[in-house]
Each structure stands twice: as C-alpha cells, then as structure tokens.
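Working notes, beginning with the structure itself.
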There are 2 protein chains.
Amino acid sequence: MDTREKLIESTRELLWERGYVGTSPKAIQERSGAGQGSMYHHFSGKPELALAAITRSAEDMRERANAEFTARGTVLARITAYLRREREVLKGCPVGRLTQDPEVMADPALRRPVEETFAWVTTRLSSLLAEGVRTGELTIPDPAATATALVAVVQGGYVLARAEGSAQVHARAMDGILALLAAAKNPAAATTDPEGKS
Amino acid sequence: MDTREKLIESTRELLWERGYVGTSPKAIQERSGAGQGSMYHHFSGKPELALAAITRSAEDMRERANAEFTARGTVLARITAYLRREREVLKGCPVGRLTQDPEVMADPALRRPVEETFAWVTTRLSSLLAEGVRTGELTIPDPAATATALVAVVQGGYVLARAEGSAQVHARAMDGILALLAAAKNPAAATTDPEGKS
DNA sequence: GTCTATAAGAAGATAGAC
DNA sequence: GTCTATCTTCTTATAGAC
C-alpha cells in the first residue's frame with residue numbers, strides 16, 4: 001500500500017472512530033506513518049483527504065448492500081440478509097455517523113456521498129419491496145415508507161447499541177422489525193420459501 | 001436566568017449542534033455571555049459542564065416520552081403519539097447524537113445518562129406493548145424486540161432526515177413502522193378505539 | 001515525494017487582581 | 001463572582017531544503 005493509499009485508509013478509520021471534527025491532520029499522519037510534508041503533497045488539506053475517505057466508505061456501503069439485494073432468494077430472504085448482516089455494530093455506521101458531524105453536513109462536497117448513499121439504499125429497498133408486492137410475496141401498503149423504516153432501524157440500531165455498549169441491542173432491533181415484516185408475508189407465497197422455515 | 005443557568009443551556013445547545021468534541025469552552029462563553037473566569041468559577045471545566053447539560057437533556061427526553069406513554073387512549077394511540085411527536089428532526093436527537101461522540105462514550109460519567117435514557121424508553125415501550133398484548137389489543141411475538149425496533153426507527157429517522165436534509169424523511173420512517181404495527185392490531189379490539197378511526 | 005522549520009490562532013485551562 | 005493575563009499544547013497549515 002503506497003503512501004497516498006495509507007493516508008486515505010487511515011482517514012477512513014479516524015472518521016469512523018472520531019468523526020471529521022474530532023480528526024486532526026496530525027492524527028492522520030501518525031496513524032498512516034506519513035509525515036507532514038508527505039500528507040500535504042498528496043492532498044491539499046483535511047477536506048480533500050476527507051472527501052476521498054468518505055467517497056470510498058460510501059461506495060463500500062453501497063457495494064455490500066447491493067450484493068445482498070441482488071442475491072438469490074425471496075424478497076424477504078434478501079431483506080433479512082441485509083438486516084442481519086454482520087456489522088461492527090459498536091463502532092457505528094461509517095457513513096451514518098457522518099450525518100452527526102456539523103462540518104461534514106455544512107460542506108456540500110463532503111455531504112453529497114452521504115446523501116446519495118442513503119437515497120440509493122432506500123430506493124433499492126423500496127424497489128425490492130415493490131417487487132415482493134407485485135409477485136404476491138408481500139402485502140404492504142407503501143413500499144417507500146417501509147423501505148425508509150427499514151434503513152432507519154438499521155441506523156437507529158447502531159445508536160441504541162452504542163448507548164448500551166452491546167451489539168446484541170442491534171440484533172434485537174432487527175428481530176423486532178423482521179417479526180413485524182413477517183406479518184406482511186402472504187401465506188400463499190410460503191410454499192416457495194427457499195429457507196424452508198414456514 | 002442566572003449565569004450558571006445560561007452556561008448550562010448554552011452548553012446544551014452546542015452539544016446538540018456540534019457534539020462534545022466540537023464544542024469549545026470559548027464557544028460556550030460566547031454563547032452564554034459569561035466570561036472565562038465566570039465559567040471556571042461555576043464549573044471545574046468542560047466535562048463537568050457537559051455532565052450538567054447532558055443530564056438535563058436526558059431528563060427532558062424521558063419526561064416528554066413519559067407524557068405520551070401515560071396519556072389516555074389505546075396502546076397503539078399512545079405509541080403513535082410518541083412516534084409522530086413534533087421533533088426538531090434536522091437538528092437530530094440531543095441525546096442520541098451523543099452516542100456518536102468518542103469522548104462522551106469514553107467517559108463513564110457522561111455516558112451514563114445517555115445509556116439510562118435509552119434503556120428507560122425501551123423498557124417503558126416494551127411494557128406498553130406487553131400491556132397491549134395482555135388486553136388483546138395487539139398480537140406481537142416479542143414486545144422487547146418490537147420496542148427496541150421502535151426506538152431505533154425514531155433514532156435512525158433522524159440520521160436519514162439529516163442525510164437528506166428533509167424532515168419529511170423522518171415522518172416517512174414513522175409511516176412505515178406504523179403501517180407494519182397496524183397489521184399487528186387485533187380486529188376485535190377495534191371497537192374500543194378511542195380515536196374512532198377504525 | 002518526503003523532511004524539517006516556522007507560525008498564527010484555537011483549545012483548555014490556571015493565577016491572581018478586583 | 002467576574003475579569004484580565006498567562007501558559008502549554010494542539011490545529012492546520014506554509015516554506016523551503018533535500
């Protein structure tokens with residue numbers, strides 16, 4: 001990994017752990033092993049480095065979600081895979097936490113990847129739910145609202161888990177929403193349940 | 001409002017807007033109108049001031065929720081009131097945002113009010129849901145998991161709304177979870193619906 | 001590309017006068 | 001109780017040598 005790459009990855013870690021406001025150029029230099037001059041050679045400053053780091057984290061998040069959304073299986077199976085995916089719950093969401101950072105939200109360039117990522121995930125989930133309704137697998141009145149609620153539970157699960165200091169709390173939130181979602185399942189579609197749990 | 005009080009309230013605002021890491025003693029002094037010496041006369045430093053501010057915000061959050069949880073009406077009506085309460089959505093949750101602050105989470109004293117508040121809200125909601133199951137109003141398999149999911153949707157709704165820059169997103173998340181919850185309503189209990197909407 | 005030197009201003013206080 | 005002075009360390013760079 002070259003210097004530029006190490007700078008980006010170190011910034012990603014620090015933004016995840018401490019946010020933009022809580023991350024100093026000095027901390028980035030120390031973690032990456034790059035010197036002062038080296039950092040300012042590759043990037044004009046903290047904002048440009050942060051943009052590279054945030055963009056990459058946002059792409060990462062979309063790629064992971066996309067893998068689950070496009071997997072084989074029923075709509076409910078794919079949504080369940082997304083909700084129950086293993087996460088570093090106690091570290092929080094690398095993208096979601098940026099919404100709490102005043103300087104990220106105040107800078108349109110830094111904010112854009114965050115905004116686009118949540119819009120993308122919500123839209124994809126909404127399409128998935130709509131597909132489930134169309135095929136008769138699910139009965140829900142408003143796929144867009146349901147999708148928003150699903151993404152919100154994942155994000156809020158991080159908040160509660162961090163508050164309590166326990167990753168289990170996130171899992172419990174997923175249990176809760178999945179139990180409610182299971183009630184929207186059309187019994188007629190149960191025969192094609194690939195998990196054989198019905 | 002005396003000086004001490006102005007210091008606490010100014011700190012509350014700044015913690016809400018910028019978090020603990022992003023809030024400096026100087027900013028607190030400027031917003032409150034108190035001088036350097038005055039601030040350090042009333043409080044030993046930033047951590048003690050933050051503790052007073054966080055404690056008060058946590059009490060505030062519990063009081064508001066308690067008012068909705070103990071109101072008249074069906075369990076679902078009370079939960080709906082809680083979820084749909086008017087909030088300063090784009091500012092985020094004054095307590096929830098603290099879970100993203102590394103220095104708050106690292107200090108047991110600052111962290112305790114945050115942890116206790118979310119535990120309290122979740123427990124109260126869980127009891128409410130259990131009451132609904134007992135009276136036959138609702139049919140849900142696991143009230144504790146459902147309660148966790150409900151609090152998570154509220155918190156995650158803030159995250160999504162801030163990401164998109166729109167309070168409507170929070171409302172949409174509430175629509176989504178309430179639609180799922182409505183499916184858990186026992187038709188037999190509809191006759192006692194005090195809102196007369198059934 | 002990387003290193004060291006330098007620097008203005010903020011962060012987070014302490015000390016002592018009034 | 002409040003004010004001003006002082007202090008150390010950190011922040012976020014810039015300049016110029018190697």
Side-chain angles (χ1 to χ4, degrees), chain A residues 1-56 97-98 100-111, chain B residues 1-56 97-98 100-111:
Chain A
M1 196 158 58
D2 66 1
T3 301
R4 195 190 144 84
E5 196 59 23
K6 279 191 291 192
L7 282 164
I8 295 176
E9 288 302 317
S10 298
T11 303
R12 290 225 289 159
E13 290 172 18
L14 284 162
L15 288 180
W16 195 1
E17 293 166 19
R18 304 191 44 85
Y20 183 85
V21 163
T23 296
S24 68
K26 194 186 175 195
I28 295 169
Q29 290 152 29
E30 279 167 0
R31 183 161 310 199
S32 66
Q36 192 101 317
S38 192
M39 189 193 111
Y40 283 103
H41 169 74
H42 290 287
F43 296 94
S44 65
K46 182 174 154 178
E48 196 177 297
L49 229 182
L51 179 58
I54 292 173
T55 300
R56 187 171 294 180
R97 81 146 296 150
L98 299 171
Q100 304 300 313
D101 200 301
E103 298 190 10
V104 170
M105 290 297 101
D107 182 334
L110 297 182
R111 184 193 173 140
Chain B
M1 197 155 60
D2 65 2
T3 300
R4 194 191 146 85
E5 196 59 21
K6 279 191 291 193
L7 281 164
I8 296 177
E9 288 302 318
S10 298
T11 304
R12 289 225 287 158
E13 290 173 20
L14 284 162
L15 288 180
W16 195 0
E17 293 166 19
R18 305 192 41 87
Y20 184 85
V21 162
T23 297
S24 68
K26 193 185 176 196
I28 295 169
Q29 290 152 28
E30 278 167 1
R31 182 161 310 200
S32 65
Q36 192 103 315
S38 191
M39 187 192 113
Y40 283 103
H41 170 73
H42 291 288
F43 296 94
S44 65
K46 182 174 153 177
E48 198 177 295
L49 230 183
L51 178 58
I54 292 173
T55 300
R56 187 171 295 179
R97 81 146 295 150
L98 300 170
Q100 304 300 314
D101 200 300
E103 299 190 9
V104 169
M105 289 297 101
D107 181 334
L110 296 182
R111 182 192 174 142

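Within every chain, numbering begins at 1; the chains are lettered A, B, ... in the order of the sequence lines, protein sequences first and strands thereafter. For clarity, every value in this text was computed on a predicted model and none was experimentally measured.
- Using a 4.0 Å cut-off, no side-chain N or O of A:Ser24 falls inside it from OP1 or OP2 of D:dC10.
- The side chain to side chain donor-acceptor pair (under 3.5 Å) search around A:Arg4 returns none, not counting sequence neighbours.
- Heavy-atom distances under 4.0 Å link DNA chain D to B:Gly37, B:Ser38, B:His41, B:His42 of residues 37-46 of chain B, given in residue order.
- Computed from coordinates, the B:Gln36 CD to D:dT6 P distance equals 14 Å when rounded to whole Å.
- B:Arg12 is linked by a side chain to side chain donor-acceptor pair (under 3.5 Å) to B:Glu9, B:Ser57, counting only residues two or more places apart in sequence or in another chain.
- Listed by first then second residue, pairs satisfying side chain to side chain donor-acceptor pair (under 3.5 Å) with a partner in residues 37-52 of chain A read A:Ser44-A:Glu48, not counting sequence neighbours.
- D:dC10 atom P lies 13 Å from atom CD of B:Glu103, rounded to whole Å.
- For A:Arg111, the salt bridge (Lys or Arg N to Asp or Glu O under 4.0 Å) test picks out A:Glu115, with sequence neighbours left out.
- Remark: B:Glu103 engages A:Arg18, B:Tyr20, B:Val21, B:Asp101 in a side-chain contact (heavy atoms from CB on, under 4.5 Å) (not counting sequence neighbours).
- At distances below 3.5 Å, at least one donor-acceptor pair connects side-chain atoms of B:Thr23 with backbone N or O atoms of B:Leu14.
- Remark: B:Thr3 in residues 1-21 of chain B come within less than 4.0 Å of DNA chain D through at least one heavy atom.
- With sequence neighbours left out, B:Ala109 forms a side-chain contact (heavy atoms from CB on, under 4.5 Å) with B:Asp107.
- Side-chain atoms of A:Ser10 never come within 3.5 Å of backbone atoms of A:Leu7 as a donor-acceptor pair (strictly under, hydrogens ignored).
- In summary, B:Glu17 and B:Arg97 do not engage in a salt bridge, as defined by a charged side-chain N under 4.0 Å from a carboxylate O.
- A 4.0 Å heavy-atom criterion places the boundary nucleotides of DNA chain C facing chain A at C:dG1 to C:dT4, written 5' to 3'.
- Here the closest non-hydrogen pair linking A:Thr11 and A:Ala53 is CG2-CB, 3.7 Å.
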